[in-house]
Every structure is written in C-alpha cells, then in structure tokens.
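What follows is a single structure, written as structure tokens, with notes after it.
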Number of protein chains: 2
Amino acid sequence: MTTYSISDLARELDVTTRAIRFYEEQGMLSPERRGQERIYSPKDLVALKLILRGKRIGFSLAECKELIDLYDPSSGNRKQLETFMEKIAARRAQLEQQLLDIEQMKLELDTAEERCLAALAETKQKQGASA
Amino acid sequence: MTTYSISDLARELDVTTRAIRFYEEQGMLSPERRGQERIYSPKDLVALKLILRGKRIGFSLAECKELIDLYDPSSGNRKQLETFMEKIAARRAQLEQQLLDIEQMKLELDTAEERCLAALAETKQKQGASA
DNA sequence: GCGCAAGTTTACGTTTACGTAAAGGTAATC
DNA sequence: GATTACCTTTACGTAAACGTAAACTTGCGC
C-alpha cells in the first residue's frame, strides 16, 4: 500500500508543508504516525485534493472541511448534503456573475485601449516625425 | 448635476459607508467636500461600481485601483493597459478552472447523494414500517 | 561521529479588507 | 433646546490562511 511523506504530498500537489500541517490542525487531515513522523495514505491524498479544489472554487477552509465530512461515510446526514448542494449552487451563480463581469470589463478595456492608442497616434502626429 | 451623499452611495450599491471611506483612504475615490461632508458625483459612482465589479471578479483592491487608474485619461500608459489585459486573461482562465472544478464536484456530490439516499432507504427497510 | 536533509513543535508575524466603537460636529424638527 | 438623523475622524480589533523563525530530533551516507 502506498504511503507518502509530507514533502511527497507537498511536491505532488504544490502546497507547502506548513499548509498541510495547518489543514491537519484544522481537523481536515489525520495522517498516521510513525513516531513523530506523519505518514499519509492515498485517502489523505484524496482529502487534500478535495481541499485544494474547494479552495480553487472559492470555498473557505471551513467549507472545505464540511465538504470532506460529507464524504465521510460515518455521517449519513442528508440535511448537510442538501445545504452543501445549495452552497455549490450559490457558487455556480457567483461564477455566472463573474463571467458577466469579466465580459463587461473586457468590453470596456477594449474601448479604453482604442481611445488610448488613438490618443497616442494623435500625439505623434502633432509632434511631427520627431522620433 | 446629480450628487450623492455617502449613505446614498452605500444604499444604492449595497456597501457600508465604512468601506466607501476605506476605498477613499486607499486613493480609489476622491469626492468633493462641502465642509467636512463628502459629496459624490456620478463619476464617483462609476468608480465605485468599478471597484465592486473588480472585487466580484476576484481582484484585490490594489488591482481594482490599477483598474481605475486605467480609466484616468491623465495616464496614456499603454504598457499598464497591456499588463492589465493579461490579468484579466488570467482571471478568465481561472474562471474556466473553477467551472471545471464545480462540475466535477457536482458530479461527485450527486453520486454521494445517491449513496446516501440509498443507505437511508435500506435503513428504513430494515426497521420495517416503524415510522 | 559528523554533517546534512527532512521531519517535528511552538509561537509570533503578516496581509487584506474592512468592523466596530469612541467622541464629536451639523442640521432639521418637534 | 433637546432629540434625531447623518456626517466626521481616529484608532484599535478581527478573521482567514498561512509565512517564517527558532530550536530540536531522526536517519542516511561517508
């Protein structure tokens, strides 16, 4: 069975060891120990991937923790599942808004760029062929 | 010509007055004054909207400031404009990743939900028609 | 047996984006 | 003239998510 050291995980998922220990401190990971040393299982790897994906989506660590707990079979808690699906829906809606915002901003930046370039051209003309 | 008080703006754009003053402190707004009182113009309203949109997209306030400076005609700086378009492109790419992450998570949550519901059904069956 | 790399804990520091009093000025209204 | 509603400044507080430094142990290679 495969195991990982903390720096294995850090390298593989591109996080710092500090972050990994922090997630453990927050109760999101619970690796085995060999003496002092942390030994991570593939299950831990998956959990860490979940955390990172949650972060990418914009969830807080607290929400990521909820997410992980959701995958814990010991909690057959349907209500939690439903509230979390709502959070995901909210996040999707926010993404839609972000897409709109970005499109809008792109449009405005494009026209700003045009004006800017036009102004530059005008300046050069007034200066004559001085360059 | 229309003007706004700070709480007009706060109401209209759904931000706190504290936030508005903070943005000014950061050099992102410079309203007129009538005595102590801040008087906002439509131009300020636009700037504040820009800030909020930038935030929604996920830009830091520092980046939002760059954004506003971009619209300032006194800076005919094309390089800034280009680097900012790059930031927007990066943000768009991140949004794509977020969409993927959300789709993936939705799939996983859906199957988790199924398993959960199935488990619940099983439990009820074993209990008989006790409810 | 020495050095070095990788691991550990403890603990204070940092950044961002405001929140939250505290303490007071101004202006309309009863 | 007292209340009420807004406005102001100053300033300390806060939450999240680690960064960073200190001080120490453990195992490997030579």
Taking atom types as they are modelled, would you say the side chain of Arg38(A) forms a donor-acceptor pair with the base of dT8(C) within the 3.5 Å cutoff? no
Pairing of Glu108(B) and Arg53(A) as salt bridge, 4.0 angstrom limit: yes
Rounded to whole angstrom units, what separation is found between the CD atom of Gln36(B) and the C1' atom of dT9(D)? 7 Å
Rounded to whole angstrom units, what separation is found between the CZ atom of Arg21(A) and the P atom of dG19(D)? 12 Å
Phosphate contact (dC7(D) OP1 or OP2) by Ser7(B) side-chain N/O below 4.0 Å: yes
In whole angstroms, the gap separating P of dT8(C) from CG of Leu29(A) amounts to 13 Å
If the cut-off is 4.0 Å, is Lys55(A) near the phosphate of dA16(D), judged by side-chain N/O to OP1 or OP2? no
Whether Tyr23(B) contacts dA17(C) is assessed here as follows: a side-chain N or O lying under 4.0 Å from the phosphate OP1 or OP2. Is that the case? no
Determine the contact category for Arg33(A): base if any of its heavy atoms lies under 4.0 Å from a base atom, sugar-phosphate if only primed atoms, P, OP1 or OP2 are that close, otherwise nothing. sugar-phosphate
Value in whole Å for how far the P atom of dG7(C) lies from CD of Glu32(A): 17 Å
Identify whether any heavy atom of Ser60(B) sits under 4.0 Å from a base atom; if not, whether one sits that close to sugar-phosphate; answer base, sugar-phosphate or nothing. sugar-phosphate
Spacing between Phe22(A) atom CZ and dG13(C) atom P, to the nearest angstrom: 17 Å
Strictly below 4.0 Å: does Thr16(B) bring a side-chain N or O up to OP1 or OP2 of dG19(C)? yes
Between dA17(D), dA17(C), dT8(D), which one does the side chain of Leu61(B) approach most closely? dA17(C)
Looking only at side-chain atoms of Ile6(A), point me to the closest of dG7(C), dC18(D), dT8(D). dG7(C)
Is there a side-chain contact between Lys55(A) and Leu61(A), using heavy atoms and a 4.5 Å cut-off? yes
Between Glu24(B) and Arg33(B), does at least one N-O distance fall below 4.0 Å, as a salt bridge requires? yes
Separation of dA17(C) P from Glu25(B) CD (nearest whole Å): 13 Å
To the nearest Å, give me how far apart CD (Glu24(A)) and C1' (dG7(C)) are. 13 Å
Rounding to a whole Å, what distance do you find between Ile20(B):CD1 and dT20(C):C1'? 17 Å
Quick one: do Glu103(B) and Arg92(A) make a salt bridge, cutoff under 4.0 Å? yes
Return the nearest nucleotide to the side chain of Ser5(B); candidates are dT9(D), dC7(D), dA17(D). dC7(D)
Could one point to a donor on the side chain of Arg18(A) or the base of dT20(D) with an acceptor on the other under 3.5 Å away? yes
For the pair Arg11(B) and Asp8(B), find out whether any cationic side-chain nitrogen is under 4.0 Å from an anionic carboxylate oxygen. yes
